[in-house]
Each structure stands twice: as structure tokens, then as C-alpha cells.
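These notes are about the structure you will find just below.
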Amino acid sequence: MDKTSRRKGRAVRRGDPPVRNVDYQRLRHPFTAQKVLSEDAVAAIHDMALRLLEDLGLRVLLPEARAIYASGGAIVDEGTEMVRIGRDMVAASLATAPKSIRMRAPNPERELVYEEGALIFSPAGGCPNATDRIRGRRPGNLATFEETLKLHQSFDVIHKLGPSAEPQDVPAHLRHYAMMRGQLTLSDKPLFVYARGRGQIEDSFEMIRLAMGLSEDDFTDGAWATTVINTNSPRQLDKPMAEGIIDFARAGQLSIITPFCLAGAMAPVTVEGALVLQHAECLAGITLAQLVKSGAPVSYGGFSSNVDMKSGAPAFGTPTHIRLAIGTGQLARHVGMPWRSAAGSASNVADMQAAGENHMGLWANLAANATLTVHSAGWLEGGLTFGYEKFINDIEALQIIAELCTPLASAPDDLGWQALADVQPGGHFFATSHTMDRFSTAFYAPLVADLSNHGSWAAAGERTSTERATAIWQNVLAEFEPPDGAIGRGHRIARFIADRSATGGAPPPD
């Protein structure tokens, strides 16, 4: 049964026409990747990025990471903490980095393969605030965090979890326990872990092992956890991010190396210059992961856009954002890596600006053939806020994209000869057998869009898509039921959380 229909509460009665079946769980890109750069330009950007790493280097704040780079042949200046990485080191790391990664999940049916050609959507992440029409804008808390997980779980077009609204009412040294417990008990999709110090990473890994009953070998059979590693552009890798790369590589888990380069601020103002910096920083992170453990799962990543040159604020869905996304895809394919990008919105509310910016970002990533699109639903204020109505309207856009992933069959009967012959000039196709046999399954049924005429829309209260989205998320939360196995997973980690909390938890690094 169509999941959208089920959420709207429509009963299926004997004799009803067939209902459309959809499956958005594992998508593949339907279109050929586009280009904004010539092959010569891609090669030149790659070569200059290697030159940047060799001649200028980057500052690495973690002594352990500098030592690992040095062991691989990098030139390290301990006084300045600068590391210069040879292109031969980068080439060797790219040769061992896996091109296809099994992303595990509590529910095996939710597992994904992270590779070129896959189309994976993750929701808004890293938001300290949340907003909706009923309760307004507010700091994220545990109740909100758990609500966002329920929303993630309820739509199959969201493929992996993300920290949509951080629970700031939980102390920082205990927060990772609440966040992992929420993921394991409210969802069965692939999991995320913040790289906020060794203690929190190892605690999170142990909770996954306990919840799933995994041995050490089981835990390293594919990636059970992912983290996003953001460099401090330009040319700096801080201690928590370096530790995250090292710890995830050692444990065989997936680190997604993602410089956040805003052209004109933390990167050169030109698209090409920003790509040089982003590419160099990403290659440096991949190299560190492979020096730690050859073959460790690691992803190329890029989330770059421009700033408003008057205010300095980040912008999204702009021509620069789109070009940077497509150019990033070209560079990822140049080095043979699956890769992560992002959509997003700078708008303060779920309005036309918010929709337009996010849609342009989504289309940029579709054109770029991004493996993973983060911030695909719910992101507002440049990531400062998760919007409930924004999430629902973005889900509509994602489901429409997902529909495009099913190839047209183009069977003889699909060409419609009999229907064309049955309808006289000036007639209509409503009542043809060709239409009647397919009317209930032919087209996508909107989740939130209202296709009624003006009179019907006005009689129903003249509600906007934002207002209609409120009723949808309220209904989803009211009807939510935890997935199979959730209660057992919660029981298996309860004692660990209690014991670790009693001994002080795991404070994040200063």
C-alpha cells in the first residue's frame, strides 16, 4: 500500500481499485552526471590541490595525527604544527580507499550500499533550534530530538538518520547516550555518531555493539556508524575532527570528510579556487584515514557555497552553490570516490525562499550525482533551525525525485495506441480503458500539495502548504509506533548507559 495513503488514514475496502505501491528505500541516480568544468580544468584543480598540500600544507592540531602523517612520509614542522603531504601519499591513499561501502542498519532491509550511482538522502543535521507553527522557534531539547527521529523513520525517502535538533537540555557529557538511545529505539535506519572526543565515540560504538549483539568482527563487517568530519577551512584540521578520523578508521566505521568552504570567506571567491581548497582538505582527510588503516571506509565530501558579500552570511541554492556541487562531483569521480554533498536553506521561515533554495540544492546534487545529500529536508537559517513544516514540504520534493528513479518501461501498451485510436479529435482520455485500468496507479499522489481548484481550496479554509504540513507532521507523530526490535535494543543498552552516567559520562574535548 502507498505509505502516503496510509498516513492520511485512508482505509482500503474490498472492491477498491489497486493502490500505488512505492519503494523509496534504495535509489539509484536516474540521470547522467552533469559538468560545469572541462576535463582539463578538473585535472588542473586536482594538480593545484596536490601542490597546495605539498608546498603550503595544512595545520594539524592533534599531535597523534601529525605523527601518523609523518610515519607515512609527510614533512611535519612541530613548531608550527604544519604538515606537508606528498602527492604520492595521496595517490596511495586513494588506491586503498574503498569505492563501495556497506552501510549497516538495525533493520537489514534498511541497509545501503554507499557507492557511486547510489542516491541517499539524509535530513537536516546539526541544528541547535527547532521551529513549527504550533510551538514556535525554541532551543532543541530531548523531546524535540526524539520527535525528529520519528519523522525520519516515518518516510522511506529519508535513508539514514541525522541530528536534526540537538537535545541541549541533556548535559554535554551525557548527551551522546540520549542521542544513541533515541536512534536505536525510535528508528531502524543507519546511525550517526558525532566526533566529539574519544570517550563519546567509543561509548557510542559500544552501545551499537550491545544493542545489536555484535562481536568485534561483526561490528567491522560494514559500517554501523557514520560521522561527518568538517575541516576548519582554510587549511586546518582540529583535534576532535582528527581524532574522529583516526578512531573511525581504526574501528572500521565511515568518516565523511567534508570541508565547508564558503567562497569569499573561508575559501577563494571563485568557484575554481574554492574547489582547489576543498579538494585539498578532503584529500588530506582521506589520506589520514588510510594511513591509520588501509581500506578503512571513508568518503569524499564537499559542502561549499558562497557568502553574501554585504553581510557575510552563508547563502544556499545560489548559482555558486550549484556550480560547486556539480564541480565537486566531477572531482570525486576524477579520484574514483563516492561522495557527500548537501542542500539547505538560509531562509528564516518555511516560505517560498526556503523551498526555492532547497529545491535548487537538491537539483544541483541530482545533476552532480551525489552519493549522499545531507540537509535534504528541514534545514532553515543556514542550519541553525530544524523546521517541522519545512521538513514535510521538503519530503514532497524528495519523493518526486525518488519517483524519477524508476525507469520508464516503454512497453508496447504504454505507447497508448488503442487509447489514441479510441479518442476522437477534441475529445478526452478520462474514460478510455487505457486510463481506467491505470488511473489509481499512474501518477504520484501528493503528500502536501493541494491540487483542487480555487473554489474548493477556499471552501476548505484557504490553507497554505505550510499550514497543511502542520497537520501532516502532527498526524505522523500521533500515529508513530517504534519499529520491530526497538524495545529489546533499548533494554540491552540501559545498564551500560546507567553505569557510564554514574561514573561521569564522557565530557567532550575542550
Side-chain angles (χ1 to χ4, degrees), residues 53 58 60 62-74 83 85-105 111-116 118 120 160 190-198 200-206 208-209 214-231 237-259 279-302 332 335-340 371-372 374:
L53 291 176
L58 72 160
V60 180
L62 182 69
E64 180 186 8
R66 295 197 298 273
I68 292 170
Y69 277 123
S71 71
V83 176
I85 305 168
R87 63 184 61 210
D88 55 336
M89 293 175 60
V90 174
S93 297
L94 290 173
T96 60
K99 307 305 183 282
S100 181
I101 300 164
R102 183 185 181 190
M103 293 181 68
R104 307 297 298 273
E111 289 189 1
L112 303 167
V113 179
Y114 193 94
E115 63 185 8
E116 183 178 354
I120 301 170
K160 69 177 296 294
L191 308 160
F192 73 88
V193 173
Y194 271 132
R196 290 179 175 169
R198 295 219 149 108
Q200 294 199 7
I201 290 173
E202 182 48 46
D203 279 350
S204 298
F205 290 169
E206 183 62 15
I208 296 171
R209 287 189 287 259
L214 303 174
S215 68
E216 288 294 333
D217 288 342
D218 294 334
F219 187 62
T220 57
D221 182 17
W224 285 93
T226 64
T227 196
V228 171
I229 300 295
N230 295 131
T231 51
L237 183 62
D238 68 22
K239 291 181 179 179
M241 295 293 97
E243 281 186 348
I245 294 173
I246 294 168
D247 294 347
F248 268 69
R250 284 176 177 158
Q253 304 306 303
L254 174 60
S255 58
I256 302 170
I257 315 298
T258 312
H279 192 57
E281 292 180 354
C282 193
L283 294 177
I286 292 168
T287 299
L288 178 58
Q290 295 306 298
L291 288 173
V292 171
K293 184 177 181 180
S294 180
V298 64
S299 171
Y300 189 99
V335 297
M337 294 282 291
W339 68 287
R340 168 258 164 139
T371 307
L372 169 65
V374 180

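- Nearest heavy-atom pair, Lys160 versus Leu372, reported as atom, atom and distance to 0.1 Å: CD-CD1, 3.9 Å.
- Of the inter-residue distances, the one linking Arg104 atom CZ with Thr220 atom OG1 reads 10.0 Å to the nearest 0.5 angstrom.
- Looking only at side-chain heavy atoms (C-beta outward), Pro190 and Leu112 come within less than 4.5 Å of each other.
- You'll find the side chain of Val335 reaches within 4.5 Å of the side chain of His279, heavy atoms only.
- For the pair Glu111 and Arg102, the salt-bridge criterion is met [side-chain N within less than 4.0 Å of a carboxylate O].
- Looking at Leu94 and Leu283, their side chains come closer than 4.5 Å, going by heavy atoms from C-beta outward.
- Annotation: ring pair (Phe, Tyr, Trp, His ring centres under 6.0 Å) contacts of Tyr114 (sequence neighbours excluded): none.
- Take Glu202 and apply the side-chain hydrogen bond (donor to acceptor under 3.5 Å, both in side chains) test, not counting sequence neighbours, and it matches Arg209.
- Rounding to the nearest 0.5 Å places CD1 of Ile201 at 13.0 Å from OH of Tyr194.
- Side chains of Gln253 and Phe219 form a contact here, defined as non-hydrogen atoms less than 4.5 Å apart.
- With sequence neighbours excluded, the residues forming a side-chain hydrogen bond (donor to acceptor under 3.5 Å, both in side chains) with Thr258 are Arg340, listed by chain and number.
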Counting only pairs under 3.5 Å, give me each side-chain donor-acceptor contact of residues 242-249, with atom names and distances, residues two or more places apart or in other chains.
| from | atom 1 | to | atom 2 | distance (Å) |
| --- | --- | --- | --- | --- |
| Asp247 | OD1 | Arg198 | NE | 2.7 |
| Asp247 | OD1 | Arg198 | NH2 | 3.2 |
| Asp247 | OD2 | Arg198 | NE | 3.0 |

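- Not a single side-chain hydrogen bond (donor to acceptor under 3.5 Å, both in side chains) links Asp88 to another residue, sequence neighbours left out.
- Between the side chain of Asp221 and the backbone N or O of Asp218 there is no donor-acceptor pair closer than 3.5 Å.
- Sorted by first and then second residue, the side-chain hydrogen bond (donor to acceptor under 3.5 Å, both in side chains) pairs involving residues 281-293 (not counting sequence neighbours) are Thr96-Gln290, Thr231-Glu281, Ser233-Glu281.
- Residue Leu191 holds its CG atom at 9.5 Å from OG of Ser204, rounded to the nearest 0.5 Å.
- For the atom pair CZ of Arg87 and CG of Leu53, the computed distance is 9.5 Å after rounding to the nearest 0.5 Å.
- For the pair Leu237/Leu288, a side-chain contact is recorded, criterion being any heavy-atom separation below 4.5 Å from C-beta on.
- The structure places CH2 of Trp339 at 7.5 Å from OG1 of Thr371, a figure rounded to the nearest 0.5 Å.
- Atoms CD1 and CD1, from Ile229 and Ile256 in turn, are 9.5 Å apart once rounded to the nearest 0.5 Å.
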